[in-house]
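Below you'll find the structure, written out as structure tokens, and then a few comments.
A quick note: this is a predicted structure, and the numbers were derived from the prediction, not measured. Just so it is clear: chains get the letters A, B, ... in the order the sequence lines come, proteins before strands, and each one is counted from 1.
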Amino acid sequence: MTTALLWFRRDLRLDDNPALQAALDAGHRIVPVYVHAPDEEAPWMPGAASRAWLAASLRALSAALRERGSMLVLRRGPTERALETLIEETGASAVYWNRLYEPAVIARDAALKTHFKQRGIDAHSHNAALLFEPWEIETGQGTPYRVFTPFWRNARARLRDGAPPAAPARLPAVPHLASETVDALLPAPRPRWDRPMLADWRPGAAGAAEMLEVFLDDAVAHYKTQRDLPDRVGTSRLSPHLHFGEISPRRLVAAIQGRTWPAAVEPHVETWLKELGWREFSHHLLYHFPASTDANLNPRFDDFPWAPRDNDALEAWCRGRTGVPIVDAGMRELWATGFMHNRVRMLTASFLTKNLRQHWIHGARWFWDTLVDADLANNTQGWQWTAGTGADAAPYFRIFNPVTQARRFDPDVRYVRRWLPELDALPDAAVFAPWEHADAARLAPDYPAQPIVDLAQSRDAALAAHDRIKTAR
DNA sequence: TTTATTTTATG
DNA sequence: ATAAAATAA
């Protein structure tokens, strides 16, 4: 019997895992391995929150493999050396893995594939992360899409039903091999901020499946409207599970299409599928425009007059001390939980890039380090979208008004109150814009009396800055 | 996945 | 006088 390495990366599941399936179908004995080599993802190596999730997720995968008679071998990078060593130890003749789409990872994997082929080792890569490969969806001219709506129209029409394969009940036994521990590879932070951060989550495939069931049972029926309200669980909150491949997008599509929905719920289902579409679109853009992690997707913005880097403003934004309650609530939710509601991500990002006019890369870097679902494709395209430098088909310069957004999406101020206890004594009506309330300084002495930037003036300044690049060239 | 302003409708 | 709808950016 031949042996194959099953190289896990961000596909930390056993169901609908094409690399695993292919290795089994080929009749190999399978040696599952995870190689810890974060520096190979530079300049976007995983952030602190992401590493905490990864540690928990690896434990979950390891347990799932053990239950099936296998085990997860943990090794330290460099990846090429770790895999070579394991090939020698096991006599493996093949390596199977699932593809990723970040530029640094693509380059490393391509080099590895060449290396293995030269060594006479079969190297097989598969698609586990996306509904469609980034190169499968193209315009009539054969070019990549730059606008979401036509991209999704095209991709949506190609969606097929059908349940992806379940996890195998048993896996071949693994010979005795040395393995690192998760603790050694990903030491717990001190102090243990990871514990409260992960308290609301259950990393791993079982937690992901449970999350999906809860969403389909409860939230999806009101998704279109409730998804925008940050004070409740109106979204699926599957993003960290998707990022680490603990659940596959095909599984999500199969699960939601596998149920019969009342006609009134169908538009909600469609809206949620469209969110998966945004995820596909982000990966499509990152694959075709790999420089977009650091450079404007729209080069017209290369002349945009950003304000000079302002460390005080950046610090206030990061820590939730800007004096704009909905912005501060979001930033504190992020710091405490490693997560931020999508509506609030958009408006905090708008505040940083439009009102403070700080370059979007500063925000992208902070989110990258603090989000448990930090994903290079989604993070990059999300920031570029809000900054106006990315793929946004809107014919205007999008500037969110955080006060209007708070009134519309947190009308009962429940979200803001949860994260800003220093506003407890303020009446509801004053929480949207405390600086307009005569008594705010007395009732909320620990909160900034004024926002760090005037909302109306900074909006006008942002529009004026935008006018300058509109008229240029 | 917006906002601010203007126009129109309603009482 | 106020709100809803339309519109421009």
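- In terms of phosphate contacts, A/Arg459 brings no side-chain nitrogen or oxygen within less than 4.0 Å of OP1 or OP2 of C/dA9.
- A cation-pi arrangement, defined by a distance under 6.0 Å to the six-membered ring centre and an angle within 45 degrees of its axis, is absent between A/Lys274 and A/Phe148.
- Residue pairs meeting the salt bridge (Lys or Arg N to Asp or Glu O under 4.0 Å) criterion with at least one partner in residues 433-449 of chain A, sequence neighbours excluded, are A/Asp439-A/Arg442.
- Checked by atom type and distance alone, the side chain of A/Gln226 never pairs as donor or acceptor with a backbone atom of A/Gly234 at under 3.5 Å.
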Report the C-alpha distance between A/His126 and A/Asn98 in whole Å, list the side-chain angles of each, state the deciding distance to 0.1 Å, and finish with yes or no for side chain to side chain donor-acceptor pair (under 3.5 Å).
CA-CA 5 Å; A/His126 300 264; A/Asn98 292 307; 5.4 Å; no

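- Note: A/Phe281 and A/Trp152 fail the aromatic proximity criterion, with ring centroids not under 6.0 Å apart.
- Using cut-offs of 30° and 60° on the angle between ring planes, the pair A/His359 and A/Trp306 is tilted.
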Pairs counted only when both distances fall under 3.5 Å, Watson-Crick or G-U: show me the 5' to 3' dot-bracket for DNA chain B, [ ] for pseudoknotted crossings and | for other-strand partners.
.|||||||||.

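- In this structure, A/Arg365 forms no cation-pi arrangement with A/Trp360, as its terminal cationic atom is not both closer than 6.0 Å to the ring centre and no more than 45° off the ring axis.
- Applying a 4.0 Å cut-off to non-hydrogen atoms, the residues of residues 399-412 of chain A that approach DNA chain B are A/Ile399, A/Phe400, A/Asn401, A/Gln405, A/Arg408, listed by residue number.
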Using the side chain to side chain donor-acceptor pair (under 3.5 Å) rule, take A/Glu333 and A/Tyr415 through it: C-alpha gap first, then chi angles, then the decisive distance, then the call.
CA-CA 10 Å; A/Glu333 180 189 22; A/Tyr415 177 75; 2.6 Å; yes

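- Between A/His466 atom NE2 and B/dT3 atom P the separation is 16 Å, expressed in whole Å.
- Atom CG of A/Asp467 is separated from atom P of C/dA8 by 17 Å (rounded to the nearest Å).
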